[in-house]
Chemist: 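Take a look at the following structure, please.
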Amino acid sequence: MPEATAVAAARAKLLAKGGAKKAGNVRRARKAPAAKAGNDDKRLQTTLKRLGTNNIPGIDEVNMFKEDGTIMHFKQPKVQAAFQSNTYVVNGTAEDKSMQELLPGILSQMGPESLQYLQKMASLAGANAAAGEAGEEDLQVDFEAAGASEEKAE
């Protein structure tokens, strides 16, 4: 029993110091790690898989015509399509370009609205060119008038 009295004495001494405490730490809730951007891509891929999209190989560029006349141009995009749900997915980096930058190569891709826009631009360019020529004629007339006035002065 001497051990029991030694244990009892140790407990009494511990209580005198500040009370008996339980062994261990306070239980804390585990914090969830922050969601990463890769998870969004995985979600997108699983959703596209559910839609039944298939990769379409061999597409070199994609051009999307906006209403304001600019074009969203994708070089070497990854294109997927789900024909039964009429859904197309274009994945890649897009650049906003003007129609003049892409003009010779995109004529076959243009619809009727874009062709009307192109015709309107051509008429504006023609009007600007005509105005420029008229300005040159006025300029020539001014030089001729100035030359004639110099001759009269001499």
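What's counted below: heavy atoms across the whole structure, side chains too, no hydrogens, waters or symmetry copies. Residue numbers start at 1 and run along the sequence shown.
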Chemist: What pairs with T93 under side chain to side chain contact (heavy atoms under 4.5 Å, CB included), at least two apart in sequence or on another chain?
Modeler: none

Chemist: Please list, chain by chain and in numerical order, all residues satisfying side chain to side chain donor-acceptor pair (under 3.5 Å) with T47, sequence neighbours excluded.
Modeler: none

Chemist: Please report the closest heavy-atom contact between T53 and A82, naming both atoms and the distance.
Modeler: CG2-CB, 3.7 Å

Chemist: May I ask you to decide if P57's main-chain N or O and N55's side chain share a donor-acceptor pair within less than 3.5 Å?
Modeler: no

Chemist: Listed by chain and number, what are the salt bridge (charged side-chain N to carboxylate O under 4.0 Å, His left out) partners of D96, not counting sequence neighbours?
Modeler: K66

Chemist: Hey, what do you get for CD (E95) to OG1 (T70), rounding to the nearest 0.5 Å?
Modeler: 13.0 Å

Chemist: Following the transitive rule for hydrophobic clusters with a side-chain heavy-atom cut-off under 4.5 Å over Ile, Leu, Val, Met, Phe, Trp and Tyr, establish whether F83 and L48 coincide in one cluster.
Modeler: no

Chemist: Any donor-acceptor pair under 3.5 Å linking the side chain of Q84 with the backbone of L51?
Modeler: yes

Chemist: Minimum heavy-atom separation for R43 and T46, please, with both atom names.
Modeler: O-OG1, 2.7 Å

Chemist: Answer yes or no: are there more than 12 heavy-atom neighbours, outside K97 itself, under 6.0 Å from its atom NZ?
Modeler: yes

Chemist: Find the distance between NZ (K49) and NZ (K42) and round it off to the nearest 0.5 Å.
Modeler: 12.0 Å

Chemist: In chain order, what residues pass the side chain to side chain donor-acceptor pair (under 3.5 Å) check against D60, with sequence neighbours excluded?
Modeler: none

Chemist: Please answer: with hydrophobic residues joined when any side-chain heavy atoms are less than 4.5 Å apart, are F74 and I56 in the same cluster?
Modeler: yes

Chemist: Going by salt bridge (charged side-chain N to carboxylate O under 4.0 Å, His left out), name the pairs with one or both residues in residues 71-81, residues two or more places apart or in two chains.
Modeler: none

Chemist: How far apart are the C-alpha atoms of M64 and V90, what are their side-chain angles, what is the distance that settles it, and do they pass the side-chain contact (heavy atoms from CB on, under 4.5 Å) test?
Modeler: CA-CA 10 Å; M64 293 186 182; V90 179; 3.9 Å; yes

Chemist: According to side chain to side chain donor-acceptor pair (under 3.5 Å), who are the partners of N86, at least two apart in sequence or on a separate chain?
Modeler: none

